[in-house]
S.K.: 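Just dropping this structure here.
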Number of protein chains: 2
Amino acid sequence: MISQKARYALRALLALAEGKSPTIGEIAEEQKIPRKFLEQILLDLKYQGLVSSRRGRSGGYELHMPADQITFGRVLRIIDGPIAPLPCLSRTAYKPCNDCRDEKTCEIRRVFARVAESARDVLDRVTIAEAMQKPGLAEVGDLSETEAKSA
Amino acid sequence: MISQKARYALRALLALAEGKSPTIGEIAEEQKIPRKFLEQILLDLKYQGLVSSRRGRSGGYELHMPADQITFGRVLRIIDGPIAPLPCLSRTAYKPCNDCRDEKTCEIRRVFARVAESARDVLDRVTIAEAMQKPGLAEVGDLSETEAKSA
DNA sequence: ATTAAACACTACAAGTTTAGTAGAGTTTCA
DNA sequence: TGAAACTCTACTAAACTTGTAGTGTTTAAT
């Protein structure tokens, strides 16, 4: 499960990708996100260069880069940390599993490497811009599972 | 990230799949799992019918079903709960996302549905028996990412 | 210059989860 | 009958999650 915070971050970015420069308050109300919590999230995203802000009387937020350069994976790593299901499979925060004898022969690692790869395959490719597109148009990948309430 | 507890559970099951009937202490020592913690894990797996135990003087544990009928997904759901990245995508524990206006048009849900499906694709297919096989043999899926330390 | 509206930053806190530990009880077999 | 093994419940420290609170700083309009 991704965190509520990450969901809020993605929602906020999708809102900013509309192109306006809304205030925190406007985003919070429109997206039903607790306002002070959203402040912190937007600060995180700002520190990482995804959004920029204008202070003062008619301030607000906007994307600091094109929406088609912001992947879901990038957002998740900022908010939730590594995507990999095992520390020993993380690209961004590698750590050996403390109970693992030998990574090269670890059966668990081998299986989860496949999970990690397929997750990255989606998350590091799909951008905020793509996610905004209505389905039914030409799509990057296969979206046929939209109707199946599964997993 | 899957929990340490789930990793212990998978490790214990892989050990039991060797076919012997080891004691908790033997598994704990061999797999470097805290003994009392492992007791609880094995009890969970027993309640769910994956393993069975013999008490008393020469007791021990063994698999209660063929290793090729125990998928990683089943173990993860027992120990860690739902696999889905969003509550609204869980097959086993569906819950609406509280901040979501409309599931059918939710952009976030649409993207994570793809992640969920590909994760299930691996986890609900790969069994303890398959994981034990040495690589290099004929394999079910594609295992070519074994050498890439990524995600 | 003042002031109101907006962002910036830090601290705190309740609740939950994680990763165990502890200990008393029960069963079996030699 | 006693030692070795599983069974079961309770407890706990630390970390994480999901916020709330409050103070400060900047900007634009007046």
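Protein chains get the first letters and strands the later ones, always in sequence-line order, with residue 1 at the start of each. Everything numeric in this text was worked out from a predicted model, so none of it was measured.
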S.K.: Closer than 3.5 angstrom, by distance alone: can the side chain of Glu26(B) be matched with the main-chain N or O of Thr23(B) as a donor-acceptor pair?
M.R.: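 Yes.
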S.K.: Stepwise, does the side-chain contact (heavy atoms from CB on, under 4.5 Å) test hold for Leu14(B) with Ile108(A)?
M.R.: CA-CA 9 Å; Leu14(B) 285 164; Ile108(A) 295 174; 3.9 Å; yes
S.K.: My understanding is that only one of Thr127(A), Ile128(A), Ile2(A) makes a side-chain contact (heavy atoms from CB on, under 4.5 Å) with Phe72(A); could you say which?
M.R.: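 So, applying the side-chain contact (heavy atoms from CB on, under 4.5 Å) to Phe72(A) and each of Thr127(A), Ile128(A), Ile2(A), only Ile128(A) qualifies.
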S.K.: Quick check on contacts: within residues 26-44 of chain A, what sits under 4.0 Å from DNA chain D by heavy-atom distance?
M.R.: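 Those residues whose heavy atoms fall under 4.0 Å from DNA chain D, taken from residues 26-44 of chain A in numerical order, are Pro34(A), Lys36(A), Phe37(A), Gln40(A).
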S.K.: Could you tell me whether the side chain of Arg11(B) and the main chain of Arg7(B) form a donor-acceptor pair under 3.5 Å?
M.R.: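 Looks like no, no N/O pair under 3.5 Å.
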S.K.: Quick check: on DNA chain C, is the nucleotide nearest Arg55(A) upstream (toward 5') of the one nearest Ile79(B), or the reverse? Name the residue that is more 5'.
M.R.: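 Looking at the nearest nucleotide for each, Arg55(A) comes out on the 5' side.
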S.K.: Looking at CG of Leu45(B) and CD1 of Ile70(B), how far apart are the two atoms once the value is rounded to the nearest 0.5 Å?
M.R.: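 CD1 of Ile70(B) is found 8.5 Å from CG of Leu45(B).
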S.K.: Where is the tightest heavy-atom contact between Tyr8(B) and Lys32(B), given as atom of each residue plus distance?
M.R.: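 That closest heavy-atom pairing would be CE2-O, 4.3 Å.
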S.K.: Salt bridge check: are Arg110(A) and Glu107(A) linked by an N-O gap of less than 4.0 Å?
M.R.: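 Salt bridge: no.
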S.K.: Quick check: does any side chain N or O of Asp80(B) sit under 3.5 Å from a backbone N or O of Ser3(B), one acting as donor and the other as acceptor?
M.R.: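 Yes, because the side chain of Asp80(B) sits within donor-acceptor range (under 3.5 Å) of the backbone of Ser3(B).
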S.K.: Is the backbone of Cys88(A) close enough, under 3.5 Å, to the side chain of Arg109(A) for a donor and an acceptor to pair up by distance?
M.R.: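 Pair found, side chain donor or acceptor close to backbone of Cys88(A).
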S.K.: For Met1(B) and Leu86(A), work out which heavy atoms get closest and say how close.
M.R.: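 Closest approach of Met1(B) to Leu86(A), heavy atoms only: SD-C, 3.8 Å.
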S.K.: On DNA chain D, check which nucleotide each of Ile2(A) and Gly56(A) is closest to and give me the residue with the more 5' one.
M.R.: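 On the 5' side of the pair lies Ile2(A).
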S.K.: First and last nucleotide of DNA chain C in contact with chain A, 5' to 3', at under 4.0 Å to a heavy atom: what are they?
M.R.: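 Nucleotide range in contact with chain A: dA5(C) to dA11(C).
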S.K.: Going 5' to 3' along DNA chain D, which nucleotides are the first and last within contact of chain A (any atom under 4.0 Å from a heavy atom)?
M.R.: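 The contacted stretch runs from dT18(D) to dA28(D).
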